[in-house]
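Note on naming: letters A, B, ... go to the chains in the order of the sequence lines (proteins, then strands), and numbering restarts at 1 for each one.
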Number of protein chains: 2
Amino acid sequence: MENLNRYAPVLEKSPLFSGVSRQDLFSILGCLDPVLKKYPKNNYILLLGESISHIGIVLKGTVQLFKESQEGNKNILLTLHPGELFLEAQVCAGLEQSGVTIYAKTDAAVLWIDFHHIMKNCSSLCGFHTKVIENMVGTIARKNLELNQKLEILSQNTIREKLLTYLSKEQEKQKTNPFTIPYNRNELAEYLSVNRSALSRELSALQKEGLLTYHKDQFQLYFLP
Amino acid sequence: MENLNRYAPVLEKSPLFSGVSRQDLFSILGCLDPVLKKYPKNNYILLLGESISHIGIVLKGTVQLFKESQEGNKNILLTLHPGELFLEAQVCAGLEQSGVTIYAKTDAAVLWIDFHHIMKNCSSLCGFHTKVIENMVGTIARKNLELNQKLEILSQNTIREKLLTYLSKEQEKQKTNPFTIPYNRNELAEYLSVNRSALSRELSALQKEGLLTYHKDQFQLYFLP
DNA sequence: AAAATAACGTTGCATTTGCAACAAAAAGGA
DNA sequence: TCCTTTTTGTTGCAAATGCAACGTTATTTT
């Protein structure tokens, strides 16, 4: 548990513990029986098909979720940063095996918490537990809305429309106009499920037409979303 | 509350109350302070932008969720039947205004339950509450996985792959081999976000190649998923 | 039954996209 | 600094897709 002290700032700002004071945080953690694990850069955290019973909290580093097809193609589903949860939907839905692959893009640390420990009220800490459960529901619900947004992007039928939909949403989220996206070209192409060179082609066409400018992962839009 | 008696069978089989006996059901309902409302055929249940604080349970009729674009195009997101929940993700995520329009396709009845009443344990009924909360989390989490499945389908890059992915999943779900899909061609094309005639073209190609046979909404697969 | 409507399949053509190969630019290492 | 590796842009070509128009088959209505 002492090891966890250094991650207290991350845990405090984690959506799972939002609204919980640092003191209460450690009371709750003592009750949730969490497991801290560390993963070196470019190592797998969880493989497709492995059994799952715990939800994960990223404490350090960048963690990516992939969907692998039988042919071995990898498709980025999510990129996670410290404080964020993963596997919570699968575990809460009662899945027993992972349908995704999880990967440490940088050196990473993950806190694993058994789902049943979260849902079962222990007698002494009901108040805290209620808050944690509420936070977990909220987290899953927000992820739900995010998935809906990605569906909206992927259901556009041209690369141009996918790009404009994605960039608009990203710009609205960040509320600044030159803004930075969290993907390089390859990753963006994977995220949008399109060919990388076709994506580059479309980007320069959009720039030529004056709809936007970009450099690397910096974008500026010249149209109203 | 008496009015609710006639809807007990629907409520019992609703995912929100699964595993709850009829007796307990009414205890819980007394504590959740639900509001029953009826809507005539072809009337709006909720407009875009209206404030939301309650989750809905369809008690009777067919209810449709629409996404409206700025241009006014309406896009069916979901068609709901008795027992099913709606707005649960939006409300649990803390959204205060609706991003969708909801509509009574037939005469309908809806039970509205304040989200905060679900999450706040009342002193006397903790056991029931825990079950209801668990059900709600599970429902949102499963919807989450469904969205992930649709994302997997839409992230395939050819119509052929989208079709085969969709049909495989549908076949596995139904576990019978000549099986029936819930869409006609137009709806299937919309679901897969592809052109209808291109879809037909691909279907007959697949049939010609012996991978499957079909007639209307009946499909039979000749490959192992 | 006849007529009208809707659903589905087919096809030619224009556009979009994927693919591959290569060039240019940027980043990282020795 | 120089060299290597990675990232990004460019382009020709083939394949896939959207689009539109039309014919056929099912379904519904009168």
Side-chain angles (χ1 to χ4, degrees), chain A residues 40-42 62 64 69 71-76 79 103 105-107 153-167 170 178-220, chain B residues 73 75-76 79 105 153-167 170 178-220:
Chain A
K41 177 175 177 175
N42 293 334
T62 300
Q64 287 189 320
S69 66
E71 301 83 27
N73 299 332
K74 286 178 190 171
N75 198 341
I76 299 180
T79 300
Y103 185 80
K105 198 181 179 184
T106 68
D107 282 352
I153 293 169
L154 286 197
S155 63
Q156 305 296 320
N157 22 11
T158 65
I159 293 181
R160 168 169 298 224
E161 288 168 327
K162 285 177 187 169
L163 254 175
L164 294 179
T165 305
Y166 169 71
L167 291 173
E170 199 62 33
F179 60 98
T180 305
I181 66 171
Y183 302 120
N184 64 25
R185 287 289 172 282
N186 251 311
E187 293 168 336
L188 180 59
E190 279 191 17
Y191 180 85
L192 300 178
S193 277
V194 299
N195 180 275
R196 182 195 61 81
S197 68
L199 174 64
S200 275
R201 179 199 290 148
E202 199 60 43
L203 273 175
S204 46
L206 284 167
Q207 185 163 238
K208 215 164 280 173
E209 295 173 30
L211 286 167
L212 51 79
T213 54
Y214 63 95
H215 177 69
K216 299 263 166 194
D217 54 355
Q218 281 255 341
F219 287 79
Q220 180 156 14
Chain B
N73 299 333
N75 201 343
I76 298 181
T79 299
K105 198 180 180 186
I153 294 169
L154 287 197
S155 63
Q156 305 296 320
N157 22 11
T158 64
I159 293 181
R160 169 170 298 226
E161 288 169 329
K162 284 176 186 168
L163 254 174
L164 294 179
T165 304
Y166 168 71
L167 291 174
E170 200 61 34
F179 60 98
T180 305
I181 66 172
Y183 302 120
N184 64 26
R185 289 287 173 285
N186 252 313
E187 292 167 336
L188 181 58
E190 276 191 21
Y191 180 84
L192 300 179
S193 276
V194 299
N195 179 274
R196 183 196 59 82
S197 67
L199 174 65
S200 274
R201 179 199 289 148
E202 199 59 43
L203 272 175
S204 45
L206 285 166
Q207 185 162 239
K208 215 165 281 173
E209 296 173 30
L211 286 167
L212 52 79
T213 54
Y214 64 93
H215 176 70
K216 297 265 167 192
D217 53 357
Q218 280 256 339
F219 287 79
Q220 179 156 14

Query raised in the report: Looking only at N and O atoms, is any donor in the side chain of Arg196(A) or the base of dG9(D) less than 3.5 Å from an acceptor on the other one?
Result: yes
Query - Contact under 4.0 Å: Tyr214(A) side-chain N or O vs dG9(D) OP1/OP2 - result: yes
Requested in this report: Check each residue of residues 201-208 of chain A for a non-hydrogen atom within less than 4.0 Å of any atom in DNA chain C, then write out the ones that pass by number, or none.
Outcome: Arg201(A), Glu202(A)
Query raised in the report: Once you round it to whole Å, what is the distance between C1' of dT5(D) and CG of Asn184(A)?
Result: 14 Å
Report task. Between dT10(C), dT27(D), dT7(D), spot the one nearest the side chain of Ser200(B), thanks. Result -> dT10(C)
Could you list the donor-acceptor pairs under 3.5 angstrom formed by side chains in residues 179-189 of chain B, with sequence neighbours left out?
| residue | atom | partner | partner atom | Å |
| --- | --- | --- | --- | --- |
| Thr180(B) | OG1 | Gln218(B) | NE2 | 3.2 |
| Asn184(B) | OD1 | Asn186(B) | N | 3.1 |
| Asn184(B) | OD1 | Glu187(B) | N | 2.9 |
| Arg185(B) | NH1 | Lys216(B) | O | 3.1 |
| Arg185(B) | NH2 | Lys216(B) | O | 3.0 |
| Glu187(B) | OE1 | Asn184(B) | N | 3.1 |

Report summary line: Asn186(B) CG to dC8(C) P, in whole Å, measures 7 Å
Query - Close side-chain approach of Leu164(B) and Leu206(B), heavy atoms under 4.5 Å - result: yes
Query raised in the report: With respect to the phosphate group of dT17(C), does any side-chain polar atom (N or O) of Asn195(A) fall under 4.0 Å of OP1 or OP2?
Result: no
Requested in this report: Return the value, rounded to whole Å, for the distance between atom CD1 of Ile159(B) and atom C1' of dG18(D).
Outcome: 8 Å
Query raised in the report: Arg160(B) versus Leu211(B): any side-chain heavy-atom pair under 4.5 Å?
Result: yes
Requested in this report: Give the rounded distance in Å between these two atoms: NZ of Lys41(A) and C1' of dG28(C).
Outcome: 11 Å
Requested in this report: For the residue pair Glu161(B) and Thr158(B), establish whether any side-chain heavy-atom pair is separated by less than 4.5 Å.
Outcome: yes
**Report entry** Side-chain donor-acceptor contact under 3.5 Å, Ser204(B) with Gln207(B)
**Finding:** no
Query raised in the report: Expressed in angstrom and rounded to an integer, what is the separation of Glu190(B) atom CD from dA7(C) atom P?
Result: 12 Å
Report summary line: From CG of Leu163(B) across to P of dA16(D) the rounded distance in Å is 14 Å
Report summary line: Assign each of Ala198(B) and His215(A) the nucleotide of DNA chain C bearing its closest heavy atom; nearer the 5' end lies the nucleotide of Ala198(B)
Report task. Would you indicate, yes or no, if dA16(D) has its OP1 or OP2 atom less than 4.0 angstrom from a side-chain nitrogen or oxygen of Arg160(B)? Result -> no
Can you give the donor-acceptor pairs under 3.5 Å from side chains of residues 190-201 of chain B to other protein atoms, not counting sequence neighbours?
| residue | atom | partner | partner atom | Å |
| --- | --- | --- | --- | --- |
| Ser193(B) | OG | Ser155(A) | O | 3.2 |
| Asn195(B) | OD1 | Ser197(B) | N | 2.9 |
| Asn195(B) | OD1 | Ser197(B) | OG | 2.7 |
| Asn195(B) | OD1 | Ala198(B) | N | 3.1 |

Query raised in the report: Could you state the CG-P distance from Leu192(A) to dT17(C), rounded to the nearest angstrom?
Result: 12 Å
Query raised in the report: What is the distance from CG of Asn157(B) to P of dA16(D), rounded to the nearest Å?
Result: 11 Å
Query - CD on Gln156(B) to OH on Tyr166(B), rounded to 0.5 Å - result: 14.5 Å
Query raised in the report: On a plain distance test, is the side chain of Ser197(B) in donor-acceptor contact with the base of dA20(D) below 3.5 Å?
Result: yes
